Visitor: 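First the structure, which I've put down as structure tokens, then a few questions once you've had a look.
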2 protein chains.
Amino acid sequence: MNATPRWLTPEQKAAWDSFIRMQETLIGRLTRQLHVDSRMSASDFIVLASLTERGGGRMRFLDLAKSVEWEKSRMSHQVGRMAKRGLVAREECPDDGRGWFIVATPAGYRAIEEAAPMHVAHVRRLFVEALSPEELDTLARISQRVLTHMEQQPD
Amino acid sequence: MNATPRWLTPEQKAAWDSFIRMQETLIGRLTRQLHVDSRMSASDFIVLASLTERGGGRMRFLDLAKSVEWEKSRMSHQVGRMAKRGLVAREECPDDGRGWFIVATPAGYRAIEEAAPMHVAHVRRLFVEALSPEELDTLARISQRVLTHMEQQPD
DNA sequence: GCGGGATAGATGAGCTGTCAACGATCTCGT
DNA sequence: ACGAGATCGTTGACAGCTCATCTATCCCGC
């Protein structure tokens, strides 16, 4: 008994489909806008934002990776590319010979400071303004619920 | 007057952050599971699903692209890769010398039929079961709202 | 002080997505 | 019947992501 059905109910499938479509469209448009406006990828933006907001412009590599919930390999490649373009720099870590500090360069600060207002404007225009404050709140609650549910689940 | 503020309110930012975090975590986990379970990428799955469900296993290239809302270049690369792995094939189109039909091969059918139940199970486990039917419904409504709002907006 | 396991991070291969440019065919007005 | 545009789809260059593997350092018990 009590076998979980093989497929979703029509309501469940409809909810899943529209969530997926919404999320893809939204992320896609924001990513493209960011690139057009600021010649930056979403990854660049996230890293610089986390580094400057939460880290004061200077963070240990793995702390940075954890702060955005990325695998270290992804962050390593990303930092490598950003370093090549002069957005961040690596500094040796005196306390730990294996470790590095990742530092936002002046060019990195300039980049995020120029990009952020436009990016926020697009988020507002495409997402926030689509919803009432109550809906926004509901969505936040639902997202939290899914997140905590996932944390309790194995992979 | 009435200038839109430079940043989001704390409530708006909280909603945006938890939505983004949820969506990334969820999609990431589903993608990894799909790959582990079925050696298929999310793109493979989407293409095969659309092709077999909506197209009866055979669709014009651009119809296929539109059905999943992808750019043609993305679909072209994807179809190329899938053809190389034997999941789909291209067939000439008698009516239009420029065009092609994309066809799901027997291997393609087998792949999607084996992958789908597990994938649905993960969607259920990670997403559907996190929420009450009412919440699921609310999320669907909110997603729809954002989608139609975006359609009315320029890029 | 040294040997084993854990930790910090880099690296390379292979797949995916984007953008811009391209070639081929179709359509339609004249 | 022919030339201009539109449409169908491909291609190449390049950035991004994942997975597995690797090196260097650190920590800790003996």
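Remember, predicted model here, so these are calculated numbers, not experimental data. Here is the naming used below: chain letters follow the sequence lines, and residue numbers restart at 1 for every chain.
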Visitor: Between A/Asp44 and A/Pro94, just flag the one whose closest nucleotide in DNA chain D comes earlier from the 5' side.
Guide: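 Nearest-nucleotide comparison on DNA chain D picks A/Asp44.
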Visitor: NA contact type, B/Trp70, heavy-atom cut-off 4.0 Å: base, sugar-phosphate, or nothing?
Guide: nothing
Visitor: Is it true that A/Asp17 and A/Lys13 make a salt bridge, defined as a side-chain N closer than 4.0 Å to a carboxylate O?
Guide: yes
Visitor: Determine the contact category for B/Arg60: base if any of its heavy atoms lies under 4.0 Å from a base atom, sugar-phosphate if only primed atoms, P, OP1 or OP2 are that close, otherwise nothing.
Guide: sugar-phosphate
Visitor: For B/Ser76 and B/Arg98, take the nucleotide of DNA chain D holding the closest heavy atom to each; which residue's nucleotide lies nearer the 5' end?
Guide: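 The residue closer to the strand's 5' end, by nearest nucleotide, is B/Arg98.
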Visitor: Produce the list of close N/O pairs, under 3.5 Å, pairing protein atoms with atoms of nucleotides 1-3 of chain D; give distances to one decimal.
Guide:
none

Visitor: Between D/dC19 and A/Ser73, counting only base atoms on the nucleotide and side-chain atoms on the residue, is there a donor-acceptor pair under 3.5 Å?
Guide: yes
Visitor: Base, sugar-phosphate or nothing for A/Arg90? Non-hydrogen atoms, less than 4.0 Å.
Guide: sugar-phosphate
Visitor: Indicate, yes or no, whether a donor-acceptor pair under 3.5 Å links the base of C/dT18 to the side chain of B/His77.
Guide: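 Flag set: donor-acceptor pair detected.
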Visitor: Taking NZ, NE, NH1 and NH2 as the nitrogens, is one of them in B/Asp44 or B/Arg85 under 4.0 Å from a carboxylate oxygen of the other?
Guide: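 A salt bridge links B/Asp44 with B/Arg85.
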Visitor: Parallel, tilted or perpendicular: which fits the ring planes of B/Phe19 and A/Phe127, with parallel below 30° and perpendicular above 60°?
Guide: parallel
Visitor: Among the nucleotides D/dA15, D/dC8, C/dG17, which one has an atom lying closest to any side-chain atom of A/Arg81?
Guide: D/dA15
